[in-house]
Participant: 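Please see the structure below; I have some questions.
Here is the naming used below: chain letters follow the sequence lines, and residue numbers restart at 1 for every chain.
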2 protein chains.
Amino acid sequence: MDTEFAELLRDRNLKATPKRLELLSVVAKYNSAIPYSELQKSLHHFDRVTLYRTLNALLDGGIVHKASVSNEEVYYAMCKHYCSSEGHHHKHVHLKCKECLEVSCVEAKNTIVIDIPNVEIDNVEIEVQGTCSKCL
Amino acid sequence: MDTEFAELLRDRNLKATPKRLELLSVVAKYNSAIPYSELQKSLHHFDRVTLYRTLNALLDGGIVHKASVSNEEVYYAMCKHYCSSEGHHHKHVHLKCKECLEVSCVEAKNTIVIDIPNVEIDNVEIEVQGTCSKCL
DNA sequence: TAACAAACGCAACATTGTTGCGTTTGTTAA
DNA sequence: TTAACAAACGCAACAATGTTGCGTTTGTTA
Ligand SMILES: [Mn+2]
Ligand SMILES: [Mn+2]
Ligand SMILES: [Zn+2]
Ligand SMILES: [Zn+2]
C-alpha cells in the first residue's frame with residue numbers, strides 16, 4: 001500500500017514523494033528482483049538522475065537492496081524488515097535461473113558455514129546459478 | 001615466465017602477442033586480485049580497446065577470471081590450471097579485506113553446502129567481506 | 001619467407017554513474 | 001491553513017567503461 005510505503009519512507013527520514021512511492025510499487029510488484037532496464041522501462045518518465053538518486057536514497061535507507069549477478073546487469077529487490085539506515089542484514093542467497101533468467105532472493109534451508117583459517121568474516125554474499133523451482 | 005605464458009596462450013588458440021604476455025605478467029605478479037584501475041596504470045601504453053579486448057580474450061580462454069566485489073570495481077586474477085576455454089571452474093572464495101582493501105582468492109577449509117529445496121544448483125559464487133590473515 | 005587470420009590502434013557511439021545548480025515540493029510548526 | 005525551509009527534482013554537463021567497425025600491423029604456419 002501507498003500508506004505503508006509512505007510510513008516506511010518517513011521512518012527512514014526520507015520524504016514520501018510520488019516518485020519514491022511509484023518506484024517502490026514497481027519494485028514490490030515485480031515477483032523477483034527487478035533488473036535496472038525494467039525499472040527504466042516502467043519509469044521512463046523519470047529523469048535519469050532522479051532514478052539514480054531515488055535508488056540510492058532507498059538503498060541507503062535500507063528499503064531496497066541490490067542483487068548483483070556477477071558482472072551482468074544490476075538487480076533490485078525489496079529489503080526485509082530487518083534492514084535500516086544503519087545497514088543491510090541479509091542472510092539470503094541470490095539465485096539466477098538459467099531457464100527463466102529471473103533473479104530471486106531465496107532462503108537456504110541450512111546454515112551456510114564458510115571456514116577460512118585466520119580470516120575474520122563480517123559479511124558473506126552468495127550468488128547461485130542454476131534452475132529455479134518454477135522451471136524444474 | 002614468458003615462455004610458459006606463451007604456451008598457455010597457444011594452448012587456448014590465442015596468439016602469444018607482446019601485449020598479452022605483458023598483461024599476464026602484470027596480473028600474475030600482483031599478489032592479490034588486481035583492480036582494473038591498476039591494470040590501466042600499469043598498462044597505460046595500451047589502447048583502451050586493446051586492454052578491453054585482451055582481457056576478454058583471456059577471460060574466454062580460461063586464463064584469468066574476474067573477482068567481482070559487489071558493485072565496486074572489477075578485479076582480475078589468474079585462473080588455476082583447471083579452467084579452460086570450455087569454462088571456468090572455481091571453487092574458491094573472494095575475500096575483500098576491509099583493512100588493506102585487497103581482494104584475494106582463498107580456499108575455504110570446509111566444503112560449502114547450500115541447501116535450497118527444489119532448486120538445481122550449477123554454480124556458486126561467494127564473496128566475503130572481512131579481515132584477511134595479513135591484517136589480523 | 002610468403003600468405004592469412006588474428007590482433008591492434010583509432011574513431012565513434014552507448015550506457016551508466018556522478019555532480020552542480022536553479023526550481024519545485026513535502027513536511028513542520030506557527 | 002499557511003508560511004518557511006530543507007529536501008527532492010529536472011536539466012545540463014562531464015567521467016568512466018563497454019562495445020563495434022575498419023584499416024593496418026603482426027604472429028603463426030606451411
Ligand atoms: Mn536479495
Ligand atoms: Mn578468484
Ligand atoms: Zn526459473
Ligand atoms: Zn588485509
Participant: Measuring from atom OG of B:S70 to atom NE2 of B:H94, what distance do you get when rounded to the nearest 0.5 angstrom?
Facilitator: 13.0 Å
Participant: Could you walk me through whether B:C132 and B:E99 pass the side-chain contact (heavy atoms from CB on, under 4.5 Å) test, one step at a time?
Facilitator: CA-CA 8 Å; B:C132 76; B:E99 298 299 327; over 6 Å; no
Participant: Distance under 4.0 Å to a non-hydrogen atom of chain B counts as contact; along DNA chain D, which nucleotides mark the start and end?
Facilitator: D:dT17 to D:dT28
Participant: How would you label the contact of A:R48 with the nucleic acid (heavy atoms, under 4.0 Å): base, sugar-phosphate, or nothing?
Facilitator: base
Participant: Can you tell me how far P of C:dT28 sits from CG of A:L14, to the nearest Å?
Facilitator: 12 Å
Participant: Side chain of A:S84, backbone of A:E86: donor and acceptor closer than 3.5 Å?
Facilitator: yes
Participant: Given 3.5 Å as the limit, does a donor-acceptor pair link the side chain of A:R12 with the main chain of A:G62, or not?
Facilitator: yes
Participant: List in chain and number order the residues that pass side-chain contact (heavy atoms from CB on, under 4.5 Å) with A:I121, two or more places apart in sequence or in another chain; answer none if no residue qualifies.
Facilitator: A:I114, A:I116, A:V119, A:V124, B:V128
Participant: Other hydrophobic cluster members with B:V69, side-chain heavy atoms of Ile/Leu/Val/Met/Phe/Trp/Tyr under 4.5 Å, chained?
Facilitator: B:Y75, B:V103
Participant: Mind checking side-chain contact (heavy atoms from CB on, under 4.5 Å) for A:N123 and listing every partner two or more places apart, or none if nothing turns up?
Facilitator: A:E125, B:Q129
Participant: Could you state the NZ-C1' distance from A:K41 to C:dT15, rounded to the nearest angstrom?
Facilitator: 16 Å
Participant: Specify the residue among B:S37 and A:R20 whose closest nucleotide of DNA chain D lies further upstream toward the 5′ end.
Facilitator: A:R20
Participant: Taking only side-chain N and O atoms of A:R10, does any of them lie within less than 4.0 angstrom of OP1 or OP2 on C:dT27?
Facilitator: yes
Participant: Whole Å only: how far is the CZ atom of A:R12 from the P atom of C:dT27?
Facilitator: 16 Å
Participant: Would you say A:Q40 reaches C:dT16's phosphate, i.e. side-chain N/O to OP1/OP2 under 4.0 Å?
Facilitator: yes
Participant: Just call it for A:A16: base, sugar-phosphate, or nothing, with non-hydrogen atoms closer than 4.0 Å on any strand.
Facilitator: sugar-phosphate
Participant: Dot-bracket for DNA chain D, please, read 5' to 3', with Watson-Crick or G-U wobble pairs under 3.5 Å on both distances, ( ) within the strand, [ ] crossing, | other strand, . unpaired.
Facilitator: ||||||||||||||||||||||||||||||
Participant: According to side-chain contact (heavy atoms from CB on, under 4.5 Å), who are the partners of A:K66, at least two apart in sequence or on a separate chain?
Facilitator: A:L59, A:V74, A:Y76, B:N71
